[in-house]
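Here is the structure we will look at.
Chain letters run A, B, ... following the sequence lines, proteins first and then strands; every chain starts at 1.
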2 protein chains.
Amino acid sequence: MSKHVQYGQYCPLAMSSEFLCTRWTMLVLRELLFGSSQFNDISRGVPRMSRTLLSSRLKELIEVGVLTREEGAGSLVHYRLTNAGKALGPVVMSMAGWGQEWLKIEPSVEDIDVGLLMWDIRRNIKPMPQLPNPFIVEFFLTDVPESKSQHWLISEDDKNDLCHIDHGFDVDVYIKVSAKKLTKVWMGWEDFATAIKDRELIIKGDEKYTRIAVKWLGQSSVAGIKKQPEENRI
Amino acid sequence: MSKHVQYGQYCPLAMSSEFLCTRWTMLVLRELLFGSSQFNDISRGVPRMSRTLLSSRLKELIEVGVLTREEGAGSLVHYRLTNAGKALGPVVMSMAGWGQEWLKIEPSVEDIDVGLLMWDIRRNIKPMPQLPNPFIVEFFLTDVPESKSQHWLISEDDKNDLCHIDHGFDVDVYIKVSAKKLTKVWMGWEDFATAIKDRELIIKGDEKYTRIAVKWLGQSSVAGIKKQPEENRI
DNA sequence: CTGCATCCTCTTCGATACTG
DNA sequence: CAGTATCGAAGAGGATGCAG
């Protein structure tokens, strides 16, 4: 099996996990650590993982004691990390950080799962008091098939939603960019302002909102980790 | 598969790896990080791993780029971590640390591989200027079959050797203890001085040497990590 | 929405025996 | 010392369809 293909994710944690970890377990933990608690939400964060296997992994984690399963109203179920599970945060971050620092990840950007990218971004959108409620951002991705090019991000009442069908939204900010460039900027591999200056990322809307875009858009949690110079990476 | 059986090791890294990691990979990295470079030395640190699989894992690590294979004189081969590989140290330690802090590990002490325990201790023996050269310690383990009860640790010229056959050594220090207690003390779960005071660990020899035993004997590298109170562990 | 049951395939791993 | 070759058993994982 060639490198960097198993998970189909640009996430450095996924890259590191490919040779270090039990298949999918780390990525499931990442989803849980980053706040997903419902089965389908977790599943969207690991789209190439079969639901059968996800189910089985969740059971393993419960068995070990890092996860609990709480049944809510109706058939709603919440998976929540125990204290021991939450304490795995630094372990997961150290592995992701190692990947960000040492691995050649850019090649993986050649085949991006845009649904996953948007799902990742959605998770990190930071609601800010200056923004309207709801706050709606339209993404137009220039380098993907038409059916996957449009995405609307709706941030309302501290809850972020994602949609890929046009419901005639009242869009506050419009962003046009290639999925490739968006990934690089979001991963911290390239600079947001530079991408705008080079017209590789076009952002339109009230200047009140666009000026602080880098703040509400957020970045991957490993974006801040310095990378080794290209020649040192593996 | 039940918990804590796969690797047959009391090491918290092994426990954590059982549900997080690709089989054996972390433990192989541990051996490399702690200084083993030859195939057979690595193999002794993971005695339940088949040599076939070890060979295959080493190749994977080389393929990924965290390890190199250098052929030396004769048929001597050295495996050495690359810089990227060495940088995995904190990842490995964070995982081991999590295990030490959060896992109920003591049950695993019920079935100790004494060869592995002694091999671990050998690796960490700290040569000290006050000690004679060679410095020879005899261990007598009270709770294991007679054939496995005697071990001699020879520290000479900054190189530590292990022997389980009596060659009529000129023993400097003699230690009599159960393998169980020795493990607990060495892992930092129980106190060395207390074990001596309670006569659970008997140490004989020149007081110059026995007085500072805790220093040259060393401890597991995770011994310093605080454990959660028993009721929080999983 | 949250899964489980089943079937079937592919991979992984260990045991054993052998080589330079 | 440092592995490799081969074989068979066991396990992991995906696809699909169904159910509360």
Nucleotides 15-20 of chain C: protein proximity per nucleotide (B base, S sugar-phosphate only, - neither; heavy atom, under 4.0 Å): BB---B
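- Nearest to the side-chain atoms of R51(B) among the listed nucleotides dG3(D), dG14(C), dT2(C) stands dG3(D).
- Between Y174(A) and F140(A), the ring planes are parallel. Angles under 30° get that label, and only those over 60° would be called perpendicular.
- Ring geometry, W186(B) versus Y10(B): the interplanar angle exceeds 60°, so the pair is classed perpendicular (tilted spans 30 to 60°).
- Among dC13(C), dC1(C), dG13(D), the nucleotide with an atom closest to any side-chain atom of L53(B) is dC13(C).
- The nearest whole Å value for the distance from the CD atom in E70(B) to the C1' atom in dA2(D) is 16 Å.
- Taking atom CD on E71(A) and atom C1' on dC1(C), their separation rounds to 12 Å, with Å as the unit.
- Taking side-chain N and O atoms only, K59(B) has no distance below 4.0 Å to OP1 or OP2 of dG3(D).
- Between Q38(B) and L76(B), the closest side-chain pair of non-hydrogen atoms falls below 4.5 Å.
- A salt bridge is absent between K104(A) and E231(A); no separation between the charged side-chain nitrogens and carboxylate oxygens falls under 4.0 Å.
- A sub-4.0 Å separation between OP1 or OP2 of dC1(D) and a side-chain N or O of Y79(B) is absent.
- Comparing dG14(C), dG3(D), dC4(C) by their closest approach to the side chain of W24(B) singles out dG14(C).
- Between R69(B) and dG3(D) there is a side-chain polar atom (N or O) within less than 4.0 angstrom of OP1 or OP2.
- K148(B) NZ: 12 or fewer foreign heavy atoms inside a 6.0 Å radius.
- Contact check on D120(A) versus R122(A) returns no salt bridge, with no Lys/Arg side-chain nitrogen under 4.0 Å from an Asp/Glu carboxylate oxygen.
- Whole-Å rounding puts the L58(B) CG to dA2(D) C1' distance at 11 Å.
- Nearest nucleotide to the side chain of V77(A), out of dG14(D), dA2(D), dT2(C): dT2(C).
- For M49(B), the side chain to side chain contact (heavy atoms under 4.5 Å, CB included) partners at least two apart in sequence or on another chain are W24(B), V28(B), V46(B), L53(B), L54(B), R57(B).
- Side chain of Q100(A) to main chain of V222(A): a donor-acceptor pair is present (N/O by atom type, distance under 3.5 Å, no hydrogens or angles).
- Comparing the helix axis at one end of the helix from dC1(C)-dG20(D) to dG20(C)-dC1(D) with that at the other, each defined from 5 consecutive pairs, gives an inter-axis angle of 60° (nearest 10°).
- Without hydrogens or angle criteria, W98(B) side chain to A84(A) main chain gives a donor-acceptor distance under 3.5 Å.
- For the pair N40(B) CG and dA2(D) C1', the computed distance is 7 Å after rounding to whole Å.
- At the phosphate of dC1(D), neither OP1 nor OP2 sits under 4.0 Å from any side-chain N or O atom of Q38(B).
- At whole-Å resolution of the value, CZ in R57(A) and C1' in dA12(D) are 8 Å apart.
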